[in-house]
Chemist: 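Let me begin by handing over the structure; questions about it come next.
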There are 2 protein chains.
Amino acid sequence: MKDKNSVLRKLKEAKFKLTPQRMAIIEILIRDTSHPSADAIYEKLKKKFPMMSYSTIYNTLNILKDLGEIIELLIRENKINYDPNTTPHHHFLCEICGKIKDIYQKPDIDIHYIDNHKIKKCRIYFYGICSNCLKNRKDD
Amino acid sequence: MKDKNSVLRKLKEAKFKLTPQRMAIIEILIRDTSHPSADAIYEKLKKKFPMMSYSTIYNTLNILKDLGEIIELLIRENKINYDPNTTPHHHFLCEICGKIKDIYQKPDIDIHYIDNHKIKKCRIYFYGICSNCLKNRKDD
DNA sequence: GTACTTGCAAACAGTTTGCATAGGC
DNA sequence: GCCTATGCAAACTGTTTGCAAGTAC
């Protein structure tokens, strides 16, 4: 998911309709670098669309996932976060502030087979304390 | 979680009671290499304990997790799987048969800081087609 | 005997589904 | 005008919680 227009084009090609709600969800995903969950998107949208429902959000998120425009992160228990950045990278969850950070430093694990299992995708999740929370601790 | 007795000792030290239900859950975790979820454990236990409830299972799983005797795997959406093997290793989920396999091949990522974030734990999840499902496909 | 555990039910959170209506194309 | 998408409610899944009764120690 690079720019809004390319996503809209892809949706159109796949015969999906470009409703205002869908476009608003896509705009949020592109702008929001916090890896929002469905309910974070819902909270942001209900100002503009007071009638917005979760079915619309999940419907759109699942379409975008199937089209390969967003990635789902299983970094928290019982909750899915979404990342519009589909280039190979990984994630860090801060145990203090709960923020998710992108990690580019580690090279992508470029393996096609492990123990004769065919590898199609790989997700790396790091957990710890983010730079900002570390700094605040020292300030105490 | 290596052997039953060491886990029981640890529970006792932490002032937890050794109930038959708890011991049965621990036995299952030690024997079952499939990385069971709470409901898989429930299904196995209800033969022996027809009255078994999920609160007991989650209670015990959370205690064992806090004691560092089991690890929780966020490899599937909206479901937690548990692994009694707490030595550093990673996991593979087969998209065909749904089985979770242990992966020892990749060296543990031994980093303490990335982008100034303090790393306390790291989980690597691989997704693809397992050796067995690949073999069955070829047999077609 | 005391305090923790159990089992049940109910609550809860996140996600999915069914269906009548609205609206994109 | 057709057919998909929306919004609402209800269902559903996995997990957590409150509480009376049971039980390990």
Side-chain angles (χ1 to χ4, degrees), chain A residues 7-28 35-67 70-82 98 100, chain B residues 7-26 28 35-67 70-82 93 98 100:
Chain A
V7 182
L8 296 185
R9 203 181 315 123
K10 213 164 172 183
L11 274 175
K12 215 168 188 174
E13 279 168 15
K15 308 284 181 206
F16 292 110
K17 292 181 178 167
L18 306 185
T19 67
Q21 292 91 333
R22 262 179 199 163
M23 294 195 279
I25 292 170
I26 291 166
E27 268 173 42
I28 286 181
H35 313 85
S37 58
D39 75 280
I41 294 171
Y42 178 82
E43 288 304 318
K44 288 203 170 183
L45 278 174
K46 72 175 182 189
K47 302 158 197 162
K48 195 171 177 184
F49 299 91
M51 302 281 124
M52 171 65 62
S53 84
Y54 277 103
S55 11
T56 302
I57 293 175
Y58 282 112
N59 170 315
T60 300
L61 288 172
N62 286 329
I63 289 170
L64 292 172
K65 199 178 83 177
D66 291 345
L67 292 177
I70 57 175
I71 279 172
E72 92 279 23
L73 306 182
L74 308 184
I75 196 167
R76 291 192 172 101
E77 292 188 6
N78 310 318
K79 181 167 216 164
I80 304 175
N81 290 84
Y82 294 90
I100 297 172
Chain B
V7 182
L8 296 186
R9 202 180 317 122
K10 214 164 172 182
L11 274 175
K12 214 167 188 174
E13 279 168 15
K15 308 284 179 206
F16 291 109
K17 291 181 178 166
L18 306 185
T19 66
Q21 292 90 332
R22 264 181 197 162
M23 294 196 278
I25 292 170
I26 291 166
I28 285 181
H35 313 85
S37 58
D39 76 279
I41 293 171
Y42 178 82
E43 288 304 318
K44 289 204 169 182
L45 277 175
K46 72 177 184 189
K47 301 158 197 162
K48 197 171 175 183
F49 299 90
M51 303 280 125
M52 170 65 62
S53 85
Y54 278 102
S55 13
T56 302
I57 292 175
Y58 282 112
N59 171 312
T60 301
L61 288 172
N62 287 328
I63 289 170
L64 293 172
K65 199 177 83 178
D66 291 345
L67 292 178
I70 58 175
I71 280 172
E72 91 280 22
L73 306 182
L74 308 184
I75 195 166
R76 292 192 170 101
E77 292 187 7
N78 310 318
K79 181 167 217 164
I80 304 175
N81 290 83
Y82 294 91
L93 174 66
I100 297 172

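Below, chain A is the first sequence line, B the second, and so on; all start at residue 1. Predicted model, so just to flag it, every value in this text is computed and none were measured.
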Chemist: Write down the distance between CZ (Phe49(A)) and C1' (dC8(D)), rounded to a whole number of angstrom.
Modeler: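 Result: 17 Å.
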
Chemist: Would you mind classifying the nucleic acid contact of Asn81(A) as base, sugar-phosphate or nothing, using non-hydrogen atoms under 4.0 angstrom?
Modeler: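 Contact class for Asn81(A): none.
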
Chemist: I want to check one thing: is the phosphate of dT4(D), taken as OP1 and OP2, less than 4.0 Å away from some side-chain N or O of Arg22(A)?
Modeler: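 Negative; the distance criterion is not met.
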
Chemist: Take the protein atom CD1 of Ile80(B) and the nucleotide atom P of dG14(C), then report the distance between them rounded to whole Å.
Modeler: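 Interatomic distance, CD1 of Ile80(B) to P of dG14(C): 13 Å.
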
Chemist: With side chains defined as the heavy atoms from C-beta onward, is the minimum distance between Gln21(B) and Leu45(B) less than 4.5 Å?
Modeler: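 Heavy-atom side-chain distance check fails, nothing below 4.5 Å.
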
Chemist: Distance check needed: dG7(C) P versus Lys48(B) NZ, whole Å only.
Modeler: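 The distance from NZ of Lys48(B) to P of dG7(C) comes to 13 Å, rounded to the nearest Å.
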
Chemist: Taking the nucleotide of DNA chain D with the closest heavy atom to each, which residue, Asp39(B) or Pro20(B), is nearer the 5' end?
Modeler: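 Its nearest nucleotide lies further toward 5', so the answer is Asp39(B).
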
Chemist: Give the rounded distance in Å between these two atoms: CG of Asn78(A) and P of dG14(C).
Modeler: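 In whole Å, dG14(C) P and Asn78(A) CG are 9 Å from each other.
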
Chemist: Side-chain donor or acceptor of Lys79(A) under 3.5 Å from a matching atom on the base of dA13(C)?
Modeler: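 Between dA13(C) and Lys79(A), which were checked side chain against base, a qualifying N/O pair under 3.5 Å is absent.
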
Chemist: In whole angstroms, how far is the P atom of dT16(C) from the CG atom of Asp66(A)?
Modeler: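 Between P of dT16(C) and CG of Asp66(A): 11 Å.
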
Chemist: Heavy-atom nearest nucleotide on DNA chain C for Ser55(B) versus Phe16(B): which residue maps closer to 5'?
Modeler: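 Nearest-nucleotide comparison on DNA chain C picks Phe16(B).
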
Chemist: Whole-Å distance between dT21(C) P and Met51(A) CE?
Modeler: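 These atoms are roughly 17 Å apart.
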
Chemist: Please determine if a side-chain N or O atom of Arg76(B) lies less than 4.0 Å away from the OP1 or OP2 oxygen of dG14(D).
Modeler: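 Negative; the distance criterion is not met.
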
Chemist: Rounded off to whole Å, could you give me the CG-to-P distance for the Leu74(B) and dG14(D) pair?
Modeler: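 So the CG-P distance, Leu74(B) to dG14(D), works out to 15 Å.
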
Chemist: Start at the 5' end of DNA chain D and walk down; is the nucleotide closest to Gln21(B) or to Asn59(A) reached first?
Modeler: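 That would be Asn59(A).
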
Chemist: Give the rounded distance in Å between these two atoms: CG of Leu8(B) and P of dA24(D).
Modeler: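 Value for this atom pair: 14 Å.
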
Chemist: Both Tyr54(B) and Glu77(B) contact DNA chain C. Taking the nearest nucleotide for each, which residue is further toward the 5' end?
Modeler: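 It is Tyr54(B) whose nearest nucleotide is closer to the 5' end.
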
Chemist: Heavy atoms, side chains only, cut-off 4.5 Å: are Lys12(A) and Leu18(A) in contact?
Modeler: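 In short, these two side chains touch, coming nearer than 4.5 Å.
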
Chemist: Do the side-chain N or O atoms of Thr56(B) get closer than 4.0 angstrom to the phosphate oxygens (OP1, OP2) of dG7(C)?
Modeler: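 Yes, within the criterion.
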
Chemist: Any heavy-atom pair between the side chains of Leu74(B) and Ile75(A) that's under 4.5 Å?
Modeler: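 No, their side chains stay 4.5 Å or more apart.
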
Chemist: Taking OP1 and OP2 of dT15(D), is either one under 4.0 Å from a side-chain nitrogen or oxygen of Tyr58(B)?
Modeler: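 For Tyr58(B), the contact criterion (side-chain N or O under 4.0 Å from OP1 or OP2 of dT15(D)) is met.
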
Chemist: Would you kindly check whether a donor in the side chain of Lys17(A) faces an acceptor in the base of dC3(D), or vice versa, at under 3.5 angstrom?
Modeler: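 Present.
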
Chemist: Determine whether Ile100(B) and Leu93(B) make a side-chain contact, defined as any pair of heavy atoms from C-beta on separated by less than 4.5 Å.
Modeler: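 Side-chain contact under 4.5 Å: yes.
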
Chemist: Do Leu8(B) and Arg22(B) come within less than 4.5 Å of each other through their side chains, counting heavy atoms only?
Modeler: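 No, too far: nothing below the 4.5 Å cut-off.
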
